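Here's the structure we're looking at; comments come further down.
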Amino acid sequence: MESTIKPEDVAMEVEGDEGESGDYPSMQPSSSSNASSSVRFDPVKASDMGNGTIEVRKVAIPQHRLTPLKQHWLEICNPIVQHMKLQIRMNTRSRNVELRTCPDTEDIGALAKAAEFVRAFVLGFEVNDALALLRLDDLYVDTFSIDDVKTLHGDHLSRAIGRVAGKDGKTKFTIENSTRTRIVLADKKVHLMGSFHNIKVARDAVVDLILGSPPGKVYAKLRTISARLKERF
């Protein structure tokens, strides 16, 4: 006849950290775990990232933008130094604007924003327009060439640029106001600044003008899009 072993007859013991015996821990959540879930940590500073190493960004300055850069240097430096807590200098030998983090830098993405801000000014945007890149997170700068749309030469290229600009810049201003973007025409390059969706709408309008669409047709399409934007907001 086989004997049966009851569970209460067996004593289960485990070794503790110091070799002492003890029962298995309870599966009920402890008060310490609830307290730890409510702990909040301070934001990590940029100086604490990468073991305290200093990050550097360089923005090349073309020859024709050196004079405007000197004229607006204080307007560019003040927001970068005072608000973004970065260090900036102009290297006249290599013609680069050098940006770097410091122990006072608080935002991890401050260096990338400041580099994009300087790059936007170099591309031809006004300082006040480029400042929006420092304040807002959903703004971008997009660049494309007229040759990417259609290969044009001579007078055909000049007429395409004229259609995009319009008389006294009227067409360009209309596209900017309708799509809430900023446009810079620099030879064959077209630079656009705005949100992702607005850049797409403005780029489609510019492409239509390059391909030969009359401004009236583009205006009608922009009026429809502008009405939709007003309804959205």
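For clarity, every value in this text was computed on a predicted model and none was experimentally measured.
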Worksheet item: Would you say the side-chain atoms of Y219 and S178 include a donor-acceptor pair closer than 3.5 Å?
Response: no

Discussion item. Once rounded to the nearest 0.5 Å, what's the spacing between atom CE of M193 and atom CG of N198?
Written reply: 12.0 Å

Worksheet entry | Partner residues of D168 under the salt bridge (charged side-chain N to carboxylate O under 4.0 Å, His left out) criterion, sequence neighbours left out | none

Item to complete: Just grab all the ring pair (Phe, Tyr, Trp, His ring centres under 6.0 Å) pairs involving residues 109-149, residues at least two apart or on different chains.
Response: H72-F121

Discussion item. Quick test of your reading of the model: are D208 and K221 salt-bridged, counting only N-O distances below 4.0 Å?
Written reply: yes

Discussion item. Running the 4.5 Å side-chain criterion over Ile, Leu, Val, Met, Phe, Trp and Tyr, what cluster does L74 land in, apart from itself?
Written reply: none

Worksheet item: Which pairs count as salt bridge (Lys or Arg N to Asp or Glu O under 4.0 Å) when at least one residue sits in residues 130-148, sequence neighbours excluded?
Response: K113-D137, D142-R203, D147-K188

Worksheet item: With Q87, which residues qualify under side-chain contact (heavy atoms from CB on, under 4.5 Å), at least two apart?
Response: R100, C102

Worksheet item: Rounded to the nearest 0.5 Å, how far does CD1 of I183 lie from CD1 of I175?
Response: 5.0 Å

Discussion item. Testing the basics here: between P215 and L209, what is the closest heavy-atom pair and its distance to 0.1 Å?
Written reply: CA-CD2, 4.1 Å

Practice prompt. Find the distance between CD1 (I161) and CZ (R159) and round it off to the nearest 0.5 Å.
Written response: 12.0 Å

Worksheet item: Does T171 reach the main-chain N or O of K167 with its side chain, forming a donor-acceptor pair under 3.5 Å?
Response: no

Worksheet, complete the sentence: Rounded to the nearest 0.5 angstrom, the CE-CD1 distance for M90 and I76 is 10.0 Å

Discussion item. Any heavy-atom pair between the side chains of V190 and V184 that's under 4.5 Å?
Written reply: no

Worksheet item: Which pair of non-hydrogen atoms, one from K189 and one from S145, has the smallest distance, and what is that distance?
Response: NZ-CB, 4.1 Å

Worksheet item: Does R163 reach the main-chain N or O of I210 with its side chain, forming a donor-acceptor pair under 3.5 Å?
Response: yes

Practice prompt. State the CG-NE2 distance between N78 and H83, to the nearest 0.5 angstrom.
Written response: 8.0 Å

Fill in: Under 3.5 Å donor-acceptor, T105 side chain and L86 backbone
no

Worksheet entry | N91 to S94 - nearest heavy-atom pair and separation | CG-OG, 3.2 Å

Practice prompt. State, to 0.1 Å, how close N96 and A60 come at their nearest heavy-atom pair, and which atoms those are.
Written response: OD1-CA, 3.1 Å

Practice prompt. Can you measure from CG (L131) to CG (L139) and round to the nearest 0.5 angstrom?
Written response: 11.5 Å

Worksheet item: Restricting to pairs with a member in residues 66-86, which pass salt bridge (Lys or Arg N to Asp or Glu O under 4.0 Å), not counting sequence neighbours?
Response: none

Worksheet item: Would you call L69 and V97 a side-chain contact if the rule is heavy atoms closer than 4.5 Å?
Response: yes

